[in-house]
Number of protein chains: 2
Amino acid sequence: MSGYRKVSGSGGPARRPQLKDVARAASVSISVVSRVLNGDPSLRARRETIERVEAAAASLQYRANAAGRSLRKQSVDVIGVVLPDANSLFYAEMLRGIEAACDERELMPMVIRAERIGANSNLLTRLVREGRVDGLLVQPIDRIAAEVMEGIVRDHVPTVILVSKSQWQPGSVVFDDAAGIAVATRHLIALGHRDIGFVGGFPSHDTAPRRLSGFESAMESSGLPIRKEWVTELGYSPEDGRAAFAQIAEQEHPPTAVVIATHNAAIGFAQAARQASVDVPDDLSIVSLHDSLSAEYVTPALTTVKMPLFELGYQAVTHLAEILSGEPARDIVVTEPRPILIERESAGPPRTQSHLNPLRKTGNK
Amino acid sequence: MSGYRKVSGSGGPARRPQLKDVARAASVSISVVSRVLNGDPSLRARRETIERVEAAAASLQYRANAAGRSLRKQSVDVIGVVLPDANSLFYAEMLRGIEAACDERELMPMVIRAERIGANSNLLTRLVREGRVDGLLVQPIDRIAAEVMEGIVRDHVPTVILVSKSQWQPGSVVFDDAAGIAVATRHLIALGHRDIGFVGGFPSHDTAPRRLSGFESAMESSGLPIRKEWVTELGYSPEDGRAAFAQIAEQEHPPTAVVIATHNAAIGFAQAARQASVDVPDDLSIVSLHDSLSAEYVTPALTTVKMPLFELGYQAVTHLAEILSGEPARDIVVTEPRPILIERESAGPPRTQSHLNPLRKTGNK
DNA sequence: ATGAAAGCGCTAACAT
DNA sequence: ATGTTAGCGCTTTCAT
């Protein structure tokens with residue numbers, strides 16, 4: 001079918017070398033070549049033979065054909081990586097961790113944007129049933145989580161869930177969300193804030209309660225009260241962040257600072273603040289969980305808590321490889337390296353206190 | 001190797017159905033099943049038989065094993081997509097076009113960030129020599145372009161170059177760069193600017209002269225002069241954009257507006273302007289080629305010219321598929337849809353003219 | 001210490 | 001109108 005793979009004639013593109021070519025060049029049988037190149041421990045060959053085979057393979061630039069090998073081994077050394085938006089800067093670092101771990105194990109990551117699964121709902125099932133992947137790394141998004149995850153469970157694909165813990169089966173890698181939120185909260189406390197709000201995620205998302213509890217414990221251990229009206233649980237999207245701002249800014253006595261549980265909500269929250277001419281950080285300080293490149297470009301640049309994204313990706317692959325080699329699936333929390341505060345411009349000391357709401361420029365009620 | 005694929009015992013995960021299972025269920029031979037499911041035109045079967053086979057395949061949720069099929073067909077229906085940074089928002093839309101075209105042809109795109117190739121230089125060669133991809137879509141970056149492209153040429157992999165034209169061999173899909181730059185330039189002229197500069201790319205990059213010529217012809221057809229000192233050819237990175245600002249802002253009589261030949265340079269240029277307290281757009285208007293999500297987040301939001309990224313990706317796959325089926329490689333210019341001006345905040349009418357340099361706040365020299 | 005050969009799942013040429 | 005079979009390139013068991 002493919003036009004370039006003709007039998008070698010004079011001038012035409014050469015056929016790719018295969019086992020038998022190496023075997024002929026080294027004057028051994030193909031089985032010896034296979035064993036040498038795969039480092040078969042049961043191999044009992046003369047050093048000289050091994051060297052001859054290796055030299056022949058190198059000079060021919062031999063690489064085992066993936067289809068032949070896969071057919072025989074019943075595995076393809078490819079893992080599918082399903083991400084909400086592979087183009088988001090947020091995932092750049094996680095993907096780098098995934099790639100690094102894959103490189104070490106001679107695995108190929110095949111990235112599938114979750115959005116594609118919506119349009120082409122059997123895409124994942126196809127990949128699995130056609131045997132194009134040995135296993136899956138999945139970061140579920142709410143909308144498609146249920147049906148996709150059910151398909152995955154039904155197909156018995158070795159799977160590790162990223163960032164959130166699976167309700168379906170063991171096998172996940174998550175951040176220490178509470179620790180990250182605590183770092184953010186303590187930074188605001190250290191700056192002198194006492195009136196601190198929390199913009200959280202939707203309670204049904206399994207990360208949300210962990211993040212909220214990080215906020216609560218950091219506040220409590222500094223003896224600071226938590227005011228219900230300063231805590232929103234609207235979701236993780238920019239729109240949710242905007243809504244959270246609306247809810248918090250309308251209050252008679254608003255907080256002087258907020259911890260925001262995720263990056264996208266922080267973008268929306270800050271945008272809404274700017275549109276309402278609320279000065280960040282002078283009127284309102286913001287620290288958000290999860291750093292990302294766009295945090296730098298936003299005005300004001302966002303102070304964030306950077307979580308170990310690289311390591312999460314790395315460990316996810318590591319654990320998936322364990323599962324593929326027969327070990328039981330586990331739920332892993334990535335605690336190292338610890339969350340790191342990235343100070344930029346969105347958090348500062350509170351203004352000298354005034355009991356008027358500086359956030360509400362329109363003085364109604 | 002993979003732990004989940006055991007022979008079906010009681011309770012254990014079921015073996016994936018294969019041709020012979022469908023054949024047994026439909027009481028026909030495996031060749032009939034293969035021909036029915038592949039829509040073989042030479043098939044001369046009874047309608048009833050066809051229906052029986054299709055029903056059996058559907059009820060078993062049969063999917064042909066990729067390894068078996070690939071081994072036989074000598075093609076894998078996977079194309080490698082090498083992008084400078086797959087995580088950049090810039091490529092999101094191009095990738096969507098690639099995916100859309102792949103979905104239509106039952107191809108799988110396998111995205112490889114070019115950065116990985118630096119660390120793991122034989123990665124691409126490996127993919128090709130192992131037969132894991134049938135062809136390649138490559139956007140070369142300067143640093144690795146030469147060695148990688150040479151490897152590709154040597155391996156005779158069907159390849160289509162993205163965005164820039166290949167000096168190595170035919171097979172490319174590029175934008176109508178001149179048209180895009182002309183749209184940007186004409187917008188500034190329509191706003192009343194006469195003193196317009198151009199921040200271009202490095203001359204060795206093949207897109208650079210096309211973009212410069214678009215600027216020149218738009219200026220000339222409005223009877224506007226081009227001043228050499230307002231034209232920079234430093235490169236496409238944010239740092240290059242910063243350098244371009246430095247060069248332009250230092251002049252006695254600077255332009256009131258600039259066209260910037262690419263998105264990243266515009267980000268750097270605008271950042272440098274902000275740091276120099278130059279008001280954009282009041283002191284200096286900016287229009288850049290290539291829209292991207294971050295153009296909205298930057299302050300001021302950038303006025304840009306959106307190029308047909310989706311279509312470029314789509315056509316690249318289309319053409320690669322043509323090459324794979326034996327047609328000769330061509331160099332394609334994507335002219336539809338035309339470049340579209342996205343008006344945001346970085347371009348406005350020029351200030352009433354003053355012959356002092358408003359860009360140079362420090363009055364030295 | 002090395003080789004022969006079976007067989008992974010599929011397509012297609014060749015029977016019938 | 002349908003079935004039989006060779007063979008794609010590889011790994012691995014079994015033989016020597």
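Treat the numbers as computed from the prediction; the structure is a model and nothing was measured. Below, read A as the first sequence line, B as the second, and so on, with proteins coming before strands; counting in each chain starts at 1.
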Between [X] and [N], is there a contact of a side-chain N or O with OP1 or OP2 at under 4.0 Å?
| X | N | result |
| --- | --- | --- |
| B/R69 | C/dT11 | yes |
| A/Y62 | D/dG9 | no |
| B/Q18 | C/dG9 | yes |

Hey, does [X] reach any base, or is it just sugar-phosphate, or nothing, if we go heavy atoms under 4.0 Å?
| X | answer |
| --- | --- |
| A/T49 | sugar-phosphate |
| A/A64 | sugar-phosphate |
| A/R46 | sugar-phosphate |

field: Interface residues of residues 27-40 of chain B with DNA chain D (non-hydrogen, below 4.0 angstrom)
entry: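 When residues 27-40 of chain B is checked for heavy atoms under 4.0 Å from DNA chain D, the hits, listed by number, are B/V28, B/S29, B/S31, B/V32, B/R35.
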
task: Please lay out, stage by stage, how A/R69 and A/N38 fare under the test side chain to side chain donor-acceptor pair (under 3.5 Å).
output: CA-CA 11 Å; A/R69 161 180 284 208; A/N38 291 313; 2.8 Å; yes

Rounded to the Å, how far apart are [X] [atom1] and [N] [atom2]?
| X | N | atom1 | atom2 | result |
| --- | --- | --- | --- | --- |
| B/K20 | C/dT11 | NZ | C1' | 16 Å |
| B/E130 | D/dC8 | CD | C1' | 17 Å |
| A/R129 | C/dC10 | CZ | P | 13 Å |
| B/R24 | C/dG9 | CZ | C1' | 14 Å |
| B/L71 | D/dA6 | CG | C1' | 13 Å |
| B/R44 | D/dT2 | CZ | C1' | 12 Å |
| A/L19 | D/dC8 | CG | C1' | 14 Å |
| A/D21 | D/dC8 | CG | P | 12 Å |

Interatomic spacing from CD in A/E106 to CG in A/D77 - rounded to 0.5 Å: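 A/E106 atom CD to A/D77 atom CG measures 8.0 Å (nearest 0.5 Å).
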
message: So, taking the atom named CE in B/M108 and the one named CZ in A/R132, what distance separates them when rounded to the nearest 0.5 Å?
response: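 B/M108 atom CE to A/R132 atom CZ measures 7.5 Å (nearest 0.5 Å).
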
- prompt: DNA chain D: A/S42 or B/L43, which has the more 5' nearest nucleotide?
  reply: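 Result of the comparison: B/L43.
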
Worked verdict on B/E150 versus B/R154 for salt bridge (charged side-chain N to carboxylate O under 4.0 Å, His left out): CA-CA 6 Å; B/E150 273 159 21; B/R154 190 165 355 97; 5.4 Å; no

- prompt: Can B/V53 and B/R35 be said to form a side chain to side chain contact (heavy atoms under 4.5 Å, CB included), step by step?
  reply: CA-CA 10 Å; B/V53 169; B/R35 289 167 173 107; over 6 Å; no

field: Minimum-distance nucleotide to A/R72 side chain [options: D/dA1, C/dC10, C/dC8]
entry: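 Minimum distance to the A/R72 side chain belongs to C/dC8.
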
message: Please check: side-chain N/O of B/D21 versus main-chain N/O of B/Q18, any donor-acceptor pairing under 3.5 Å?
response: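 Pair found, side chain donor or acceptor close to backbone of B/Q18.
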
- request: May I ask you to test the B/V36-B/E54 pair for a side-chain heavy-atom distance under 4.5 Å?
  value: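 The answer is yes; the side chains approach within 4.5 Å.
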
